[in-house]
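Keep in mind it's a predicted model, so treat the numbers as computed, not measured.
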Amino acid sequence: MASKHTKNGVPIQPVPEKRGYEFFGPYGAFAITFGLPVLLFGFTFLCNDVSGCPAPSLLHPSTLTLDKLKEEVGWPEEGISALYSTEVFLWVLSYYVLQLVLYVVLPGQVVEGTELACGGRLKYKFNAFPTAILILSGLAAGTYTYGADFVVWTFLWDNYPQIITANLIICTTIALSVYVHSFSVPAPGQPNPELRQLAPGGHSGNVLYDFFIGRELNPRVRLPIPFVDEASRTIDIKVWNEMRPGLLGWIIMNLSNIARQYRTYGYVTDSIVLSTALQAFYVLDGLYMEPALLTTMDVIMDGFGYMLSFGDLVWVPLIYNFQTRYLAVFPYELGLQGILLVLAPTAVGYMIFRGANNQKNRFRRDPNDPRVKDIKYIETATGSKLMTSGWWGLARHINYLGDWLMSWSYSLPTGISGYVILNTVNPSTGELQKQAVQTPESRGYAIIFTYFFLIYFGVLLLHRERRDEEKCKRKYGKDWDRYTSLVRSRIIPGIY
């Protein structure tokens, strides 16, 4: 790490640490930046409530035509311009403003982060959990009054593609802003009272890559609000985006999907309730334990650029809710046996994930805490302590195993997914209605949509584990070799 020093008590900007490319460098940055939004729109249209999931023509590639596919996916007549709506954009933006206002006005816990290269520590205000409870309570009141026709729920379902676009605009604007602002970080040797730093991997000199990966480690903005304490008007852009709009937005989208199922069928299935409940528990648990974020790689090592901005504000709320979006159209019932099958890996995963993260957080903050005082560890030349017993004695990244096991519960409730939309006549009213039906031909072909998260998340964790290992090897050197000789498993004890 760069040397830590001050001058006359004022932190001095150290020489920034520099690292090589990740994610296949500029080519990977280009593919992710422009490819993932296309993938997200593709999922939205190809698995739909117009013709089926997947669109029936995809099952017959030899007869597939673009015009037929457009008809089946409900592609708007206006073309791509219909994916944007100023009204939708302003309503989505108002949600962000609401989150910002509640951050400022609600009381919160102020916590110091880990020590930076210049020797200082940044302070963070945490109140994402009460913010979420307040917003969810307002939505509950609206639902109690108006039922499944509450305007928020109908708005989110009816304007889904436009909501994707709105969030893309916001996340790109934020990423561009912090990229431009990063060039005002003090030069090495200059006074650095605000403790600003470049991220080790974010100043390669390639514009696209640095924009994608994030140049500045902890970009912040101070709101010009009088009569408010410093912590309340200081927004850490990275932490605020990681813990606020997208995570809660994920649950709000799920609730909108439940309301849509009820509007369509007049009942709610156990599958959609269970999937939503488990995802909500995961999010609310993370918001409640918000200070634990300060010990994660995202905060300690990664800059804030398009990668995190897109992931936090677009990918999380609008791809992670896809299972309940599927179930909103196809009302699949699990039954007691199915529910138990979903809960089993979830319980094991949560025990591992929360137990390991709590143990790490407590040990880093106070090794003498009675709950971790018996943990064995080795001390490195940098002064860091690496745990060799407890959860972290089982595998070097045991928390990833728990995180992945919990993610099973999001996809399993969709079963062996796939359906087609049939036009039927309601026998009691004589009206024409659409009904989602699973046929032998469609069965299983929607797994690519509903189980995508499970596969993607596993690959993401494997990639993150490799990044962790590389960074730890670089940081600890021979001490890391000694540590890995004691804790041999990477993620799965005794297997990997």
Side-chain angles (χ1 to χ4, degrees), residues 1-6 11-20 22 111-124 195 197-201 217-218 239 289 291-302 351-403 461 464-496:
M1 295 291 289
S3 61
K4 302 171 184 176
H5 54 282
T6 61
I12 300 299
Q13 184 67 269
V15 176
E17 183 182 353
K18 195 165 186 175
R19 295 180 183 164
E22 297 182 272
V111 179
E112 283 192 339
T114 57
E115 190 171 10
L116 300 169
C118 61
R121 294 175 184 267
L122 294 171
K123 291 184 178 180
Y124 299 81
L195 305 180
Q197 290 185 201
L198 296 180
L217 183 64
N218 301 295
V239 170
M289 304 297 294
L293 180 71
L294 298 182
T295 61
T296 63
M297 185 177 68
D298 285 357
V299 173
I300 296 174
M301 304 299 297
D302 291 341
M351 179 181 65
I352 297 171
F353 176 79
R354 182 50 59 203
N357 281 337
N358 281 348
Q359 193 176 77
K360 177 183 68 173
N361 196 40
R362 289 164 182 159
F363 185 79
R364 285 186 175 179
R365 295 195 174 279
D366 181 13
N368 295 317
D369 187 312
R371 292 167 290 187
V372 294
K373 66 182 180 63
D374 295 325
I375 292 290
K376 297 178 182 178
Y377 62 88
I378 65 170
E379 189 159 358
T380 69
T382 64
S384 300
K385 297 174 180 178
L386 304 176
M387 293 181 284
T388 59
S389 68
W391 285 111
W392 300 93
L394 297 175
R396 303 195 290 272
H397 308 278
I398 188 71
N399 57 325
Y400 291 173
L401 174 61
D403 211 0
L461 292 176
R464 176 168 290 209
E465 176 264 327
R466 292 291 177 173
R467 294 177 69 207
D468 283 349
E469 291 279 322
E470 181 183 343
K471 291 178 179 180
C472 289
K473 173 65 176 176
R474 187 185 301 115
K475 179 179 180 180
Y476 300 120
K478 292 183 178 179
D479 289 324
W480 186 252
D481 294 333
R482 181 161 59 100
Y483 170 67
T484 56
S485 69
L486 296 172
V487 184
R488 293 182 170 276
S489 297
R490 293 171 176 262
I491 298 178
I492 306 175
I495 298 176
Y496 174 76

Is any side-chain heavy atom of Arg467 less than 4.5 Å from a side-chain heavy atom of Lys471? yes
Contacts of Thr380 that satisfy side-chain hydrogen bond (donor to acceptor under 3.5 Å, both in side chains) - sequence neighbours left out: Thr382
Which atom pairs, one a donor and one an acceptor, fall under 3.5 Å between side chains of residues 370-379 and the rest of the protein, sequence neighbours left out?
unit_1	atom_1	unit_2	atom_2	d
Arg371	NE	Asp369	OD1	3.2
Arg371	NH2	Asp369	OD2	3.0

Identify the two heavy atoms, one from Gly113 and one from Arg121, that lie closest to each other, and give their separation to 0.1 Å. O-NH1, 3.1 Å
For the backbone of Ala381 and the side chain of Asp479, can you confirm whether one donor and one acceptor N or O come within less than 3.5 Å of each other? yes
By side chain to side chain contact (heavy atoms under 4.5 Å, CB included), which residues pair with Arg464, not counting sequence neighbours? Met297, Asp298, Tyr400, Asp468
Atom CG of Leu294 and atom CD of Glu112: how far apart are they, to the nearest 0.5 Å? 10.5 Å
Could you list the residues that satisfy salt bridge (Lys or Arg N to Asp or Glu O under 4.0 Å) with Lys360, not counting sequence neighbours? none
Out of curiosity, Glu115 CD to Leu122 CG, how far, rounded to the nearest 0.5 Å? 11.5 Å
Residues in salt bridge (Lys or Arg N to Asp or Glu O under 4.0 Å) with Glu470, at least two apart? Arg474
Under the side-chain hydrogen bond (donor to acceptor under 3.5 Å, both in side chains) rule, collect the residues that match up with Gln359, sequence neighbours excluded. none
For Arg362, check salt bridge (Lys or Arg N to Asp or Glu O under 4.0 Å) against everything at least two apart and list the hits. none
Heavy-atom distance under 4.5 Å between the side chains of Leu116 and Asn218, does that happen here? yes
Val487 side chain reached by Met387 side chain, heavy atoms, under 4.5 Å: no
Taking the side chain as every heavy atom from C-beta outward, state whether Tyr124 and Leu293 have any atom pair closer than 4.5 Å. no
Could you tell me which non-hydrogen atom of Ile300 sits nearest to which non-hydrogen atom of Leu217, and how far apart they are? O-CD1, 3.6 Å
Got a second to check how far Thr295's OG1 is from Asn357's CG, nearest 0.5 Å? 7.0 Å
List for me each residue that meets ring-ring contact (aromatic ring centres under 6.0 Å, His included) alongside Trp480, sequence neighbours excluded, and say none if there are none. Tyr483
Donor-acceptor contact below 3.5 Å, side chain Trp392 vs main chain Ala356: yes
Which residue pairs pass the salt bridge (Lys or Arg N to Asp or Glu O under 4.0 Å) test with at least one member in residues 381-397, sequence neighbours excluded? Arg396-Glu469
Going by side chain to side chain contact (heavy atoms under 4.5 Å, CB included), name the residues that satisfy it together with Ser489, two or more places apart in sequence or in a different chain. Ala395
Checking Met351 now: which residues fulfil side chain to side chain contact (heavy atoms under 4.5 Å, CB included) with it, not counting sequence neighbours? Trp391
Close side-chain approach of Lys473 and Asp481, heavy atoms under 4.5 Å: yes
